[in-house]
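Structure, as structure tokens:
Atoms within a ligand are numbered from 1 in the order they appear, just like the ligands themselves.
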Amino acid sequence: MKKDSDIVVVGAGLFGLTTALELALQGYRNVTVLDRHVPPVPDGSSVDISRVIRFDYADDIYLKLAYEAYLEWYQSPKYKGVFFPTPVVMTSNSNPVGKAYIQKSNDAMDRASLPWESFKSSEAARRTYPTLSGPLASPGFLGYHNKQAGWADARKAIAGLRDECIIQGVSFVSGRAGTVIGFDRDGASGTIRAARTLAGTEVAADLFVLAAGAWAGSLVPMYNSTLATGQVLAFIRLSPEEMVKYERLPIYVNFSTGFFNFPPHQDTSMLKVVVHGWGYERAPTEAERRLLKSDVSTPPLAASNGRKNYIPADGERRLRDGLRELLPELADRPFEQAAVCWYTDTPTGDFIMDYHPDYRNLFIAGGGSGHAFKFLPVLGKYTTLALHKDLEPALAQKWRFRTEYKDVASAFPGDGSRGGPERRQLLAEERAKL
Ligand SMILES: Cc1cc2nc3c(=O)[nH]c(=O)nc-3n(C[C@H](O)[C@H](O)[C@H](O)COP(=O)(O)OP(=O)(O)OC[C@H]3O[C@@H](n4cnc5c(N)ncnc54)[C@H](O)[C@@H]3O)c2cc1C
Ligand SMILES: *[C@@H]1O[C@H](CO)[C@@H](O)[C@H](O)[C@H]1NC(C)=O
Ligand SMILES: *[C@@H]1O[C@H](CO)[C@@H](O)[C@H](O)[C@H]1NC(C)=O
Ligand SMILES: *[C@@H]1O[C@H](CO)[C@@H](O)[C@H](O)[C@H]1NC(C)=O
């Protein structure tokens, strides 16, 4: 590919910005990023106050890459004030799925000679982390902690990437002229000529990178290999005294339910809680269906100034149940804000970095499956290796565009890290509130 090739990246989230930046650093002079909104995109999946950075994985490849990324987060001056070292406590009860994930993760850590410390009981966990005032689990507690972990301020990390892109000469188009509603195919050649936007413009390019996250599946056929699932999160406002009291709160993950928490966020005085679960599907509205000619689950397309302050009642219950096990004194506190954030799930939980089978010049970067953010410091290296078809075979195999799920019903078992009740469709009255 020539360095003055026109490259259009659709989506200014984690995948789009890391890819655009790496391409610019490699000398590509004509990279343009399109998005519904100026990054950090307030309702994008890469943005809000925090993301967990851990390298505890059941899978050897992700473990290795996450460790590579962790060292960057931890050591690079770039992430000062963005990354905050914090231990993670990974737990489960006797639920076989959560248990298996923890055991496999410990095995993978051992294979990589990385340290972790087991907790014999929930009392032992509470002795190490006395701010965990709740019962945690009993009986059947299984857990360990890893002090080499932390969290990143997601909005700041994305703003930093955006600024690096601008310095390296990447162009940005936002708003209606940056909102892609479809692609124009160039007849027989099997390529895409231009992206069509909501403003009625056409953006031509030699190469298109589709990094539109949970929205991407509405723009091109994904052969049933991605699914947009809504996940619930909430923010609790802490008093100045509570900010001190909870300062040393670890990140505590219960893989049986998917519930996890962050320590207090200094800039906003918020304590954030999330459920990493099977999530909700959202059918498109009539208008979205007409515009995008797609019927798959999708987040709302209209540009917005942030996520709606709403979560379904069962989601709220799960967040409060999680709090009750950990910090019962906060379990009934009103949420300052609650919201649905969108995962792009894939059948195996693997990312996608590959060319689309129907279009030779359409590269797909995404399929974050709820765990991609931690790879931010190294992700662009891998997406651009894939773009140049230079990935080592094991990685190329892992991140290939999978067509084999085309006719497979319920093709989304995931990577074994999800807990809680089955995925369901949002009801009409729930959709109306999002
Ligand atoms: C609640 C939540 C918690 C998470 N927690 C963690 C965590 O703790 N640790 C971790 O490692 N990972 C975590 N993740 C996963 C991680 O954040 C995601 O995998 C990653 O951010 C996805 O990046 P993306 O670039 O694919 O998507 P996005 O950031 O959503 O980017 C896609 C962009 O495309 C734009 N777009 C969409 N449609 C169009 C269109 N038609 N035209 C133009 N632009 C368009 C959108 O506006 C958006 O900005 C979490 C995700 C969520 C939702
Ligand atoms: C980018 O491509 C367009 C269209 O081919 C061209 O007009 C423009 O000069 C290019 N810009 C750079 C910086 O190469
Ligand atoms: C995880 O949540 C489940 C369901 O509430 C609970 O039974 C279990 O004890 C919790 N485990 C831990 C370790 O917190
Ligand atoms: C996958 O495809 C099958 C068969 O076409 C369909 O029944 C199923 O609902 C699809 N699954 C998803 C999650 O889209």
If the cut-off is 4.0 Å to any non-hydrogen atom of G368, which atoms of ligand 1 fall inside it? 19 (O)

Distance flag, aromatic centroids of F255 and H276, threshold under 6.0 Å: no

Do you see a donor-acceptor pair shorter than 3.5 Å between the side chains of S133 and E329? yes

Has ligand 3 got any nitrogen or oxygen that is less than 3.5 angstrom from a nitrogen or oxygen of Y252? yes

Record the part of V41 in heavy-atom contact with ligand 1 below 4.0 Å; permitted values are side chain, backbone, both and neither. side chain

Under a 4.0 Å heavy-atom limit, does F15 contact ligand 1 with its side chain, its backbone, both, or neither? both

Note: ligand 1 atoms sitting under 4.0 Å from heavy atoms of K374 are 9 (N), 10 (C), 11 (O)

So between D43, V180, V38, whose heavy atom ends up nearest atom 40 (C) of ligand 1? V180

Is the closest basic N to carboxylate O distance between E202 and R193 below 4.0 Å? yes

Just checking, R307 and Y310: is the charged tip under 6.0 Å from the six-membered ring centre and within 45° of the axis? no

Please verify the inter-ring angle class for F363 with Y355; under 30° counts as parallel, over 60° as perpendicular, anything in between as tilted. perpendicular

Atom indices of ligand 1, in the order listed, that fall short of 4.0 Å to a heavy atom of G11: 33 (C), 34 (O), 35 (C)

H371 heavy atoms, cut-off 4.0 Å: which ligand 1 atoms fall inside? 10 (C), 11 (O), 12 (N), 15 (C)

Could you pull out, from A66, C341, S369, the option with a heavy atom nearest to atom 53 (C) of ligand 1? C341

Which protein non-hydrogen atom lies closest to atom 31 (O) of ligand 1, naming both residue and atom, and how far is it? G13 CA, 3.4 Å

H37: heavy atom below 4.0 Å from ligand 1, yes or no? no

Can you confirm whether the side chains of T383 and E22 place a donor and an acceptor under 3.5 Å from each other? no

With respect to atom 30 (O) of ligand 1, which of A228, S45, G367 exhibits the smallest heavy-atom separation? S45

Of G16, S46, A216, the one whose closest heavy atom lies nearest atom 29 (O) of ligand 1 is S46

ring-ring contact (aromatic ring centres under 6.0 Å, His included), paired with H265, selected from F235, Y246, W151: W151

Numbering the atoms of ligand 1 from 1, which are under 4.0 Å from a heavy atom of G178? 42 (N), 43 (C)

Of G175, A154, A211, the residue with the heavy atom nearest atom 32 (C) of ligand 1 is A211

Just jot down the ligand 3 atoms closer than 4.0 angstrom to any heavy atom of F141, in number order. 13 (C)

Distance filter under 4.0 Å to N254 heavy atoms, resulting ligand 3 atoms: 1 (C), 2 (O), 3 (C), 8 (C), 10 (C), 11 (N), 12 (C), 14 (O)

So if I count the atoms of ligand 1 from 1 in the order they appear, which ones are less than 4.0 Å from some heavy atom of V10? 42 (N), 43 (C)

Under 4.0 Å from a heavy atom of L219: which atoms of ligand 1 are those, numbered in the order shown and with their elements? 41 (N)

Got a salt bridge between R324 and D332, using NZ or NE/NH1/NH2 to carboxylate O under 4.0 Å? yes

For T91, counting its heavy atoms only, list the atoms of ligand 3 lying under 4.0 Å from any of them. 12 (C), 13 (C), 14 (O)

I'd like to know if R423 and D345 make a salt bridge, using a cut-off of under 4.0 Å between side-chain N and carboxylate O. no

From the list Y144, W116, Y67, Y101, side-chain hydrogen bond (donor to acceptor under 3.5 Å, both in side chains) with D56 holds only for Y144

Using a 3.5 Å cut-off on N or O atoms only, is S256 in polar contact with ligand 3? no

Below 3.5 angstrom, do we get any N/O pair linking D35 and ligand 1? yes

Is K272 salt-bridged to D48, going by a charged N under 4.0 Å from an acidic O? yes

Side chain or backbone, does W342 bring an N or O within less than 3.5 Å of an N or O on ligand 1? no

